[in-house]
Amino acid sequence: MASSVTPTPILKDELDIVIPTIRNLDFLEMWRPFFQPYHLIIVQDGDPSKVIKVPEGFDYELYNRNDINRILGPKASCISFKDSACRCFGYMVSKKKYIFTIDDDCFVAKDPSGNDINALEQHIKNLLSPSTPFFFNTLYDPYREGTDFVRGYPFSLREGVPTAVSHGLWLNIPDYDAPTQLVKPRERNTRFVDAVLTIPKGTLFPMCGMNLAFDRELIGPAMYFGLMGDGQPIGRYDDMWAGWCMKVICDHMGWGVKTGLPYIWHSKASNPFVNLKKEYKGIYWQEELIPFFQATTLPKECTTVQSCYKELSKQVKAKLGKVDDYFNKLADAMLTWIEAWDELNPSGQQVVNGK
């Protein structure tokens with residue numbers, strides 16, 4: 001009977017799911033209906049001798065610190081240790097066009113009607129439809145079913161531009177910093193907002209890596225999650241750093257970034273005291289980092305993501321090195337990351353100016 005044929009999952013052979021973890025991946029059981037058809041890249045953080053159990057029936061490859069050192073050699077120094085920033089190694093070794101990354105404490109959320117939300121499917125919809133960064137549409141994403149461009153929206157801009165990143169949100173435990181966690185320990189996000197919007201050109205945002213998808217062929221080399229965790233003076237700014245760099249480059253290249261749907265259920269709050277220790281310097285530094293990124297412009301000679309990223313690294317060293325020597329180390333690591341990316345992706349001359 002034709003009706004019993006399972007439809008082929010969208011982008012099955014063009015998307016990898018990247019998961020950083022230090023524990024057994026029992027959480028995959030609940031995601032099985034949505035994730036099983038896809039290839040998983042698991043980046044094991046912490047002790048490489050620990051055995052991580054993955055439920056049966058999933059197609060996956062698993063990399064631990066020994067693998068990272070073996071594959072990257074001396075360049076492995078750019079991949080963080082004892083921090084979920086290690087996930088970006090998975091972006092580098094993937095051979096697919098798209099990446100979806102999710103944390104192992106993120107469960108399947110339900111929509112207001114009580115149906116399970118297929119987060120991956122919504123991310124794919126976001127990425128496969130254009131973005132509108134140059135002019136805001138008051139009915140949000142005009143390419144979704146049941147909506148369109150409103151009166152007064154310029155017809156010349158209705159074609160939109162390629163979408164590089166889809167940033168999803170979280171029900172239950174919100175992604176708060178330590179001071180906010182301490183002030184509002186019981187706060188939970190129960191608001192399901194049925195909206196996807198393009199973040200306007202020139203506007204930065206705090207990118208969370210917990211529920212995130214992107215076009216690896218388009219923006220992959222900019223998705224470096226920095227130097228965090230073991231031996232570093234800062235943590236919990238890995239995704240933020242990647243988000244600021246990525247957004248400056250997307251604005252320069254004329255690509256879009258969407259935020260909103262899909263929601264996942266964020267199951268547990270991390271310890272606010274541990275978080276405060278990790279974030280302490282970042283909370284001060286971000287007051288200088290944000291104006292730096294807001295003021296950053298890239299020369300028109302930068303026509304690939306790699307050339308943009310190298311230029312950004314140069315500016316980080318020149319302007320943020322005086323904030324703290326850590327930023328000199330980070331600027332060097334940004335260059336190491338690009339070298340490693342190009343070594344593992346030799347044909348990867350990135351898309352030039354959106355074409």
Side-chain angles (χ1 to χ4, degrees), residues 10-11 14-15 97-101 111 117-170 191-209 211-223 239-240 242-263 290 293-298 300 302-305 308 312 350-355:
I10 192 163
L11 300 182
E14 292 181 78
L15 182 142
K97 180 170 165 53
Y98 299 98
I99 295 283
F100 169 53
T101 185
D111 67 19
I117 296 168
N118 183 347
L120 181 49
E121 182 181 54
Q122 180 64 49
H123 275 300
I124 290 168
K125 284 180 181 171
N126 293 348
L127 288 170
L128 294 183
S129 60
S131 290
T132 53
F134 306 119
F135 201 89
F136 190 79
N137 189 50
T138 51
L139 277 182
Y140 311 119
D141 190 337
Y143 306 103
R144 286 184 74 198
E145 211 174 307
T147 188
D148 212 318
F149 291 97
V150 296
R151 182 171 56 88
Y153 201 99
F155 281 85
S156 58
L157 293 176
R158 294 190 183 195
E159 199 180 314
V161 300
T163 301
V165 174
S166 169
H167 177 257
L169 298 173
W170 345 270
R191 293 197 315 152
F192 179 96
V193 180
D194 186 5
V196 177
L197 52 148
T198 297
I199 299 171
K201 183 182 180 183
T203 299
L204 294 171
F205 74 110
M207 186 176 83
C208 172
N211 171 25
L212 181 72
F214 59 93
D215 185 326
R216 183 181 170 278
E217 279 182 11
L218 213 54
I219 198 65
M223 298 298 279
D239 40 10
M240 302 290 142
W244 298 328
C245 293
M246 170 279 294
K247 187 60 167 64
V248 166
I249 292 171
C250 281
D251 285 354
H252 173 76
M253 298 291 277
W255 300 331
V257 178
K258 292 182 181 180
T259 187
L261 300 182
Y263 283 92
I290 304 300
F293 282 107
Q294 285 172 329
T296 297
T297 53
L298 298 169
K300 62 179 186 303
C302 292
T303 55
T304 65
V305 172
C308 288
L312 206 46
Q350 292 294 304
V351 179
V352 177
N353 279 355
K355 297 187 176 63

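One-based numbering along the sequence shown.
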Under 4.5 Å between any side-chain heavy atoms of [X] and [Y], yes or no?
| X | Y | value |
| --- | --- | --- |
| Arg144 | Asp194 | yes |
| Val305 | Trp255 | yes |
| Pro154 | Phe134 | no |
| Thr132 | Phe149 | yes |
| Met223 | Ile99 | no |
| Leu204 | Gln294 | yes |
| Phe205 | Val257 | yes |
| Cys250 | Ile219 | yes |

Worked verdict on His167 versus Asn126 for side-chain hydrogen bond (donor to acceptor under 3.5 Å, both in side chains): CA-CA 9 Å; His167 177 257; Asn126 293 348; over 6 Å; no

Going by the angle between their ring planes, with limits at 30° and 60°, are Tyr153 and Phe135 parallel, tilted or perpendicular?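 Tyr153 and Phe135: perpendicular rings.
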
So, for [X] and [Y], which heavy atoms are closest and what is the spacing to 0.1 Å?
| X | Y | answer |
| --- | --- | --- |
| Val161 | Gly256 | CG2-N, 3.8 Å |
| Pro162 | Gly254 | CD-O, 4.4 Å |
| Gly243 | Met207 | N-CE, 3.6 Å |
| Cys302 | Cys308 | CB-SG, 3.7 Å |
| His252 | Leu298 | CE1-O, 3.3 Å |
| Val248 | Phe293 | CG2-O, 3.7 Å |

Which distance, rounded to the nearest 0.5 Å, do you find between the [atom1] of [X] and the [atom2] of [Y]?
| X | Y | atom1 | atom2 | value |
| --- | --- | --- | --- | --- |
| Leu218 | Ile249 | CG | CD1 | 11.5 Å |
| Leu169 | Tyr263 | CG | OH | 5.0 Å |
| Arg158 | Ser156 | CZ | OG | 9.5 Å |
| Tyr98 | His123 | OH | NE2 | 14.0 Å |
| Lys201 | Lys247 | NZ | NZ | 9.0 Å |
| Arg216 | Leu127 | CZ | CG | 14.0 Å |

Contacts of Leu139 meeting side-chain contact (heavy atoms from CB on, under 4.5 Å) (sequence neighbours excluded), chain-then-number -> Asn137, Thr147, Val150

Verdict with supporting geometry, Phe100 and Asn211, side-chain contact (heavy atoms from CB on, under 4.5 Å): CA-CA 8 Å; Phe100 169 53; Asn211 171 25; 3.6 Å; yes

For the OH atom on Tyr143, are there more than 12 heavy atoms of other groups (residues, nucleotides or ligands in this structure) within a distance under 6.0 Å?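 Buried by this count: over 12 neighbours within 6.0 Å.
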
Verify, without hydrogens or angle tests, whether Thr163 (side chain) and Ser129 (backbone) share a donor-acceptor contact under 3.5 angstrom.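 Between the backbone of Ser129 and the side chain of Thr163 there is a qualifying donor-acceptor contact (under 3.5 Å).
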
State whether the side chain of Asp111 and the backbone N or O of Ile117 hold a donor-acceptor pair below 3.5 Å, judged by distance alone.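 No.
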
salt_bridge(Asp141, Lys125) N-O dist < 4.0 Å: no

